[in-house]
Each structure stands twice: as structure tokens, then as C-alpha cells.
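Take a look at the structure set out below.
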Amino acid sequence: MNYWLIKSEPHTYSFEQMKTDKKTMWEGVRNYQARNNMKEMKKGDIALFYHSGKDRQVVGEVEIVKEFYQDPTTEDTNWVVVEVKFKKTFANPVNLADIKGVDSLSEMHLVRNSRLSVSSVRKDEYEMIIEMAKS
DNA sequence: GCCAACGTTGGC
DNA sequence: GCCAACGTTGGC
């Protein structure tokens, strides 16, 4: 089981919308590194859902329910999508500023490369975020 | 609104 | 194959 972090600008696709939709096709990724991460995703993996832009916080979790396939919104065979399902809204969203304040999270891709829209998360990092989301 | 970081494009 | 120019993303 692996852990991931996917980003969305709330104005484009918010976590509230994700909750309403219950399940969605994660489309529009046009970056090779992010694409490669999507190809690594397995059914049952968990992804943290992060709001970029004004929000800048991890707001909840989704589960990968369908592994990658050709992005149906483009003819370009370089790009793929996965399908994710709403899992949980955090009682306490975890701010980027708080994440940056935690030593053990300093190596997160989110911190190191803020522009990567789909990144992997280590198990210990994931567990730390979950702890921070509880209180 | 600004700018740093990163990726992509195209001229040489 | 290198690198300058440009566009985009996202934090501040």
C-alpha cells in the first residue's frame, strides 16, 4: 500500500465537490513526473487531497479505485487518468505552514517542490499528517 | 501582484 | 546538445 498527495486549486475542483461527486476521474495532469506517479498508483492506495492557492491545506483523503488508463479527454497518448473515491474529510485541515514547521515533514515533495501536482508520500509522513488532522 | 522554481520550446 | 526565452504554477 502506497500513499500519495494530489493537489487541486479549489476554484477548479474543490474537495467539497469531491465529496458531492463521491468518485471522480483525476484528469488534466500534463506533467511527466506527476504522470509517472499516477502510473504507480494501485487500487486501494490512499491519497491526501491538498488545496493549493488561497487555501494551502490538506483537507482530507481519497482512495484510488481505478488504476491508470489513457486520458479520454485528449488524443495525446502521453497522458493518463486514475479514478479516486472520497474517503474522509479531516476534522482539522493541515496547513502548509504547519507542515513546514514540522522537522520530520521537511522532505515532503509538497515542501521541496511545490509545483508537483501528484507526489508520493512516505508512510511516516502520511501518519504524521493524520495525527495533525485529528486535534 | 510579484517572483521563484520548474518545464517546454526552439534557435543555433 | 546547449541554453535563452517564455509560459505556468503556486507560495508569499
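Residue numbers begin at 1 in each chain, while the letters A, B, ... track the order of the sequences.
- One can place CZ of A:Arg112 at 16 Å from C1' of B:dC6, the figure rounded to the nearest angstrom.
- Atom CG in A:Asn31 sits about 13 Å away from atom C1' in B:dA5, given to the nearest Å.
- For C:dC12, one of the phosphate oxygens OP1 or OP2 lies less than 4.0 angstrom from a side-chain nitrogen or oxygen of A:Lys100.
- Computed from coordinates, the A:His109 NE2 to C:dT9 C1' distance equals 18 Å when rounded to whole Å.
- Counting only distance, with no hydrogens or angles, the side chain of A:Ser106 and the backbone of A:Asp103 share a donor-acceptor pair below 3.5 Å.
- The CG-P distance, from A:Leu96 to C:dT9, rounds to 18 Å in whole Å.
- The distance between atom CD1 of A:Ile99 and atom P of C:dC12, rounded to the nearest whole Å, is 11 Å.
- Comparing atom distances between the A:Lys7 side chain and each of C:dG10, B:dT8, B:dC6 picks out C:dG10 as nearest.
- A donor-acceptor pair is defined here as one N or O able to donate and one able to accept, closer than 3.5 Å; such a pair exists between the side chain of A:Asn31 and the backbone of A:Ala34.
- Of the candidates C:dG11, C:dG10, B:dA5, the closest approach to any side-chain atom of A:Arg115 belongs to B:dA5.
- For C:dG11, the OP1/OP2 oxygens have a side-chain nitrogen or oxygen of A:Tyr50 closer than 4.0 Å.
- The nucleotide whose nearest atom lies closest to any side-chain atom of A:Tyr32 is, among B:dA5, B:dT8, C:dG10, B:dT8.
- Computed from coordinates, the A:Asn113 CG to C:dG11 P distance equals 11 Å when rounded to whole Å.
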